[in-house]
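Only this structure's heavy atoms are used, side chains among them; waters, hydrogens and symmetry mates stay out. Here the structure is a predicted model, which means the values were calculated and not measured.
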Amino acid sequence: QVQLVESGGGLVQPGGSLRVSCAASGINFRSYTMGWYRQAPGKQRELVATITSGDITNYVDSVKGRFTISRDNAKNTVYLQMNNLKPEDTAVYYCNAAFRGAGTIRYWGKGTLVTVSS
């Protein structure tokens with residue numbers, strides 16, 4: 001079965017750093033665009049960053065210059081390095097795998113909580 005398992009969340013102080021990981025199984029990982037989404041309490045889920053099968057990256061404006069998405073195809077894992085964290089980054093971070101065929105196939109992880117607080 002398809003599984004996306006996030007890890008690495010936790011409590012960090014403002015200005016700190018954290019790296020979350022997503023290990024994928026059951027898909028041809030190298031063929032998928034991988035992404036990180038987040039959902040803060042009382043807010044809609046938003047796209048944070050994506051990385052294509054060709055290693056092209058995109059970021060939401062609010063995290064540009066602070067977050068870096070990367071992938072290790074040999075490990076079927078995508079990472080999100082988060083630096084200079086702000087309280088508004090507090091959210092559950094979800095891993096997403098997407099493949100555009102006849103339609104777009106999407107898979108989701110269960111999320112990992114990142115809390116930025118002093």
Side-chain angles (χ1 to χ4, degrees):
Q1 73 277 23
V2 177
Q3 286 193 88
L4 303 177
V5 181
E6 302 95 336
S7 62
L11 176 64
V12 63
Q13 293 186 349
S17 298
L18 202 65
R19 187 180 75 163
V20 292
S21 303
C22 172
S25 61
I27 62 170
N28 186 3
F29 181 82
R30 198 167 187 169
S31 297
Y32 279 72
T33 290
M34 302 300 298
W36 287 97
Y37 290 70
R38 67 186 181 187
Q39 187 166 22
K43 295 185 177 181
Q44 291 185 305
R45 183 169 58 189
E46 68 170 344
L47 176 65
V48 178
T50 60
I51 182 167
T52 70
S53 61
D55 289 337
I56 304 300
T57 59
N58 286 290
Y59 302 90
V60 67
D61 286 344
S62 61
V63 309
K64 287 181 179 177
R66 299 190 298 121
F67 290 12
T68 302
I69 188 171
S70 62
R71 65 193 297 159
D72 186 337
N73 291 331
K75 296 181 178 179
N76 287 358
T77 300
V78 62
Y79 306 93
L80 185 67
Q81 177 67 46
M82 300 178 286
N83 298 326
N84 191 24
L85 282 159
K86 303 175 180 180
E88 51 263 45
D89 295 318
T90 296
V92 176
Y93 283 72
Y94 296 93
C95 180
N96 170 262
F99 181 79
R100 296 178 68 92
T104 300
I105 301 172
R106 291 188 178 275
Y107 300 102
W108 295 92
K110 294 182 179 179
T112 186
L113 177 63
V114 173
T115 302
V116 184
S117 177
S118 60

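Using modelled atom types, one side-chain atom of Arg66 and one backbone atom of Asn84 make a donor-acceptor pair closer than 3.5 Å. Of the possible donor and acceptor atoms, one in the side chain of Asn96 sits under 3.5 Å from a partner among the backbone N and O of Tyr107. Remark: the backbone N or O of Thr52 is paired with a side-chain donor or acceptor of Arg71 at under 3.5 angstrom. Although no hydrogens or angles enter the test, the distance criterion places a donor-acceptor pair under 3.5 Å between the side chain of Thr90 and the main chain of Val116. In terms of modelled atom types and a separation under 3.5 Å, the side chain of Glu6 and the main chain of Cys95 share a donor-acceptor contact.
Taking both residues in full, the closest heavy atoms of Leu47 and Val60 are given as O-CB, 3.5 Å, listed atom of the first, atom of the second, then distance. Across all their heavy atoms, Ile69 and Gly35 have their closest contact at CD1-CA, 4.3 Å. Nearest heavy atoms, Trp36 versus Val78: CZ2-O, 3.7 Å. A pairwise comparison of heavy atoms in Ser70 and Ile51 identifies CA-CD1, 3.9 Å as the closest pair. The minimum heavy-atom distance between Ala98 and Thr104, with the atom names listed, is CB-CG2, 4.2 Å. The minimum heavy-atom distance between Cys22 and Leu4, with the atom names listed, is SG-CB, 3.9 Å.
Hydrophobic clustering, with ILVMFWY side chains joined whenever heavy atoms are under 4.5 angstrom apart, groups Val48 together with Leu85. Cluster membership for Val92 and Val114, using ILVMFWY side-chain heavy atoms within less than 4.5 angstrom, is not shared. Hydrophobic cluster membership differs between Val5 and Val2, with clusters built from Ile, Leu, Val, Met, Phe, Trp and Tyr side chains linked at under 4.5 angstrom. At a threshold of 4.5 Å between side-chain heavy atoms, the hydrophobic network of Ile, Leu, Val, Met, Phe, Trp and Tyr places Ile27 and Ile105 in one connected group. With hydrophobic clusters built from ILVMFWY side chains whose heavy atoms lie under 4.5 angstrom apart, Tyr79 does not share a cluster with Phe67.
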Subject >> Stepwise side chain to side chain contact (heavy atoms under 4.5 Å, CB included) test for Val63 and Arg38 >> reply: CA-CA 12 Å; Val63 309; Arg38 67 186 181 187; 4.0 Å; yes

**OP:** Begin from the C-alpha positions of Leu11 and Ser117 and carry the test side chain to side chain contact (heavy atoms under 4.5 Å, CB included) through to its verdict.
**Re:** CA-CA 7 Å; Leu11 176 64; Ser117 177; 4.2 Å; yes

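Remark: Asn73 CG to Asp55 CG distance equals 6.5 Å, nearest 0.5 Å. One distance of note links CG of Asn58 with NZ of Lys64; it measures 7.5 Å at 0.5 Å rounding. Taken to the nearest 0.5 Å, the OG1 atom of Thr112 stands 8.0 Å off from the CG atom of Leu18. From Thr77, atom OG1 reaches atom CE of Met34 across 8.5 Å, with rounding to the nearest 0.5 Å. How far CZ of Phe29 is from CZ of Phe99: 14.0 Å, rounded to the nearest 0.5 Å.
Ring geometry for Trp108 against Tyr37 counts as perpendicular: the plane angle is over 60°, on a 0 to 90° scale with 30° as the lower cut.
Of the charged side-chain nitrogens involved, none lies within less than 4.0 Å of a carboxylate oxygen, so that Asp89 and Lys86 do not count as a salt-bridged pair.
Applying the ring-ring contact (aromatic ring centres under 6.0 Å, His included) test to Tyr59 and every residue at least two apart in sequence or in another chain returns nothing.
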